[in-house]
Amino acid sequence: VNGVVLYIDDNQDNILLVQRLFERKCPGVQLHTAMTGPDGIGAAIDDQPALILLDNRLPGTSGEQILRQLAATPATAAIPVVILSGDSSPATVNELLAAGAADFLAKPFDIHQLLETVGRYLH
Amino acid sequence: VKTRRMRAPPSAAVRPGRMQRWWLNRPVRAKGMVVVAVPLIALVAVTSASLVLEHNERQERGVALTASALSTSAQQVLSDAVNAETGVRGYAATRDPLFLNPYSVSVTRFARDQAALRTAATGEGNSRAERTAAATATTAMAELARLRSAISAGASVTALRPALEHGKTTMDTLRRQTAALTRGPTALNLVRRDDVTRLESTINWVSVAGLALGLLAGLIGVMLFGSGISRRVTRAAANADRLGEGQPLEPVPVPSAGDELGRLARSLTRAEKLMARRTTELITARDEAVTATQAKNTFLSSTSHELRTPLNAVLGFAQLLQLSDLSQEDEDGVERILAAGHHLLALINELIDIARIESGEFSVSVEPVAVQPVVEETGQLMAPLAASRSITISQPGPPPGLAVKADRQRLHQILVNLLSNAIKYNSIGGHVTITCQADSPGQVSLTVADTGPGIPAADLDRIFDPFERLGAEQSAIEGTGIGLPLARALAEAMHGGLTAASVPGEGTTFTITLPRSPDLAQAPAAGVRVPVPRIAPDDAAGDGIRVLYIEDNPANIEVVTRFLKTRPGMRLQSVASGQAGLESATREVPDLILLDLHLPGLHGDEVLRRLRDKPATAGIPVAILSAEASPAIIRNLRASGVIAYLTKPLDLAELGRLLDSVAAGRDRRPGPASLTGPIP
């Protein structure tokens, strides 16, 4: 599995977890990270990742806002976004999917499920 | 919501004059009395005027009659005297007694006529004149009597001459006096007659005018009542109606009127203001409640997130560790971290559910739910756990079609909770029995009975308190301690209840009660009871059937995931959106696609169309899982070549048959073209 994945999350432990996981299980994947919404959107435009993993709750910006901004930016509109969220109430999930999320993983996520999901979007 | 309040435009409010104000301030009863009294007073006035005038007329008429009688009787007396004299003169000339006849008649009449004259002459002035005339007449009559005697005695004409001359003079005097007596009354009579005629015409005028006045007064009264009171009552009634309908009031022309109607109009205005104020208060209260609710929701949502984020790192790193080569002891440690983390996660989920219920922010979508499929589904889900403890689950067939009013997912959650307790706290090799029956017209009870050690009566109430896990401290039974309180709260949120009964040493029975719903029509396969599938190798199913489930509802994904885990060789991949489903289908080319129609973004039938359009995915069998079973939709889907249409709630037995047929027909695609499910 190869490609660039952008992970946007404000929690350092989780960033480290995903970094370690990718290093170990899919060394072909280049993981870029951002800890705020604006940084994430900037990184998405600059790095053109094959997939964005997005934490739903970032300081200052909601996941839904970032989703809509990514969809409105031509350079990022085609990049699939998978939401990682601690709030998995049906209303939230439906809102995010309606806002254009490609998929949804509830936190805490199963690392195998994460790998499987990432594998689906990378070749 | 804006409340419209209309102020009376200045032109509409009439500033009444002093008289009008006085009239407006009288009570309605006084106004009614005035309205009745005005024509009555007019009538009384006219009637009394007529009476007085008629009385005058009668008096005048009487006076005229008396005057007339006096002059008639005076003439009569004079005529008697003249007749008597004529007779005596004739007798004197002829000596024939026959000429005395008029004299005799007059003498007999004279006394009566004289008396009549006296009666007629009652007035002071008339009385004296009458007495003079009467005395002259008496003298004349006496002279005539003497003359007649002299003639009878044979006196000569010559001798008689002085007496005759004297008689003539007396008669002339009488004539004069009679004329004087008659003159006054005759004139009076003429005058009075004129008076009477005038009075009569006056009476006629007064009567006509009185009638007209009465009519006019009556008319004015009716107008006062009609234009004033009646119009104001009508307007007040219309305003009361408007108040009832929540429309703004019509402005009242005279808002200051002091009578009952004025008070009524002001009361209506006050009521309108009060209503507007209450509405504003309610709106404020509602807004505050909405804000508070949003705050609570935000709190619950962020709490959920804040708790799960560190847990993600804990569980994630523990899983990473599992990938490494660990010593037996370390691996055991990691297992414990994972178990404890999952336990914590379950606890968080249940706590958040309870918090949502307690804050009133827990939404249950209550709908008619057939009991049997939910019970069967739960039994099938729990079968692996039951098998691991050699526990048999029996479900004596619930009445087919029996339905409750519940949230299907939450009912399922309660049943899973009770069933997992009944298995975990049971003795190895025990039994669990699920029954369900309609015990009263409006209620259905579901019982889950185990054959475990039971619970002492004293502890039965405590099991519904959070974190009371009876005897669990000593055992290795995994649980959160709030499963039962949550199950009870869920049942109550669906207007039902959850109770427990136990016989120590024999077992415990939990009873869920829920409102009954009219029976649901049976699904085609509902009559056939499907035994709870056992985890047993089933080679017929073959290996590696890859199923792609495109579904956004986590609960449905969970059900299908768990069901497929009971079937060896089935690999399920689920994606939550149509777009992800299309990508996955193109890449993986699964053996079967289960497609929900109600997807966010790309709708299910559009997903189906795109699958059919692409050569790579056109051949993959697709089954629809959806709650929308309208004939038109099913017809369209049939035209698109779907192999099955399964309605939600999902009949797992039917899904099982579908999977079997796909497994059997995998090598001869495009698969069976038969449609299960309701065909219109």
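First the proteins, then the strands, lettered A, B, ... as listed; each starts at 1.
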Notebook entry, point to check: Is any side-chain heavy atom of A:Pro108 closer than 4.5 Å to a side-chain heavy atom of B:Leu345?
Noted result: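 In contact.
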Notebook entry, point to check: Going by heavy atoms in the side chains, are A:Leu16 and B:Phe317 under 4.5 Å from each other?
Noted result: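 With C-beta onward as the side chain, the pair touches.
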Checklist line | Separation between CG of A:Leu21 and CG of B:Leu320, rounded to the nearest 0.5 Å | finding: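 The distance works out to 5.0 Å.
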Check: Atom CG in B:Asn312, atom CG in A:Asn14: separation rounded to 0.5 Å?
Finding: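 The CG atom of A:Asn14 is 4.5 Å from CG of B:Asn312, to the nearest 0.5 Å.
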Notebook entry, point to check: Is there a donor-acceptor pair closer than 3.5 Å between any side-chain N or O of B:Ser577 and the backbone N or O of A:Ala102?
Noted result: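 Side chain of B:Ser577 to backbone of A:Ala102: a pair is present.
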Notebook entry, point to check: Under the 3.5 angstrom rule, does the side chain of B:Arg308 hit a backbone N or O of A:Lys107 as a donor-acceptor pair?
Noted result: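 Indeed, once roles are kept as given, a pair shorter than 3.5 Å links the two residues.
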Part of [X] within contact of chain A (heavy atom distance under 4.5 Å):
| X | answer |
| --- | --- |
| B:Thr303 | neither |
| B:Ser574 | backbone |
| B:Leu315 | side chain |
| B:Leu323 | both |
| B:Gln319 | both |

Side chain / backbone / both / neither for [X] at chain B, heavy atoms under 4.5 Å:
| X | value |
| --- | --- |
| A:Ala101 | backbone |
| A:Asp55 | side chain |
| A:Gln113 | neither |
| A:Asp13 | both |

Checklist line | Residues from residues 23-34 of chain A approaching chain B under 4.5 Å (heavy atoms) | finding: A:Arg24, A:Lys25
Checklist line | Heavy atoms of other groups near B:Arg336 CZ, more than 12 under 6.0 Å | finding: no
Check: For A:Gln12, does the CD atom have more than 12 heavy-atom neighbours from other residues, nucleotides or ligands under 6.0 Å away?
Finding: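 Not more than 12 within 6.0 Å, no.
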Check: Can A:Arg120 and B:Val575 be said to form a side-chain contact (heavy atoms from CB on, under 4.5 Å), step by step?
Finding: CA-CA 10 Å; A:Arg120 231 184 284 149; B:Val575 290; 2.9 Å; yes
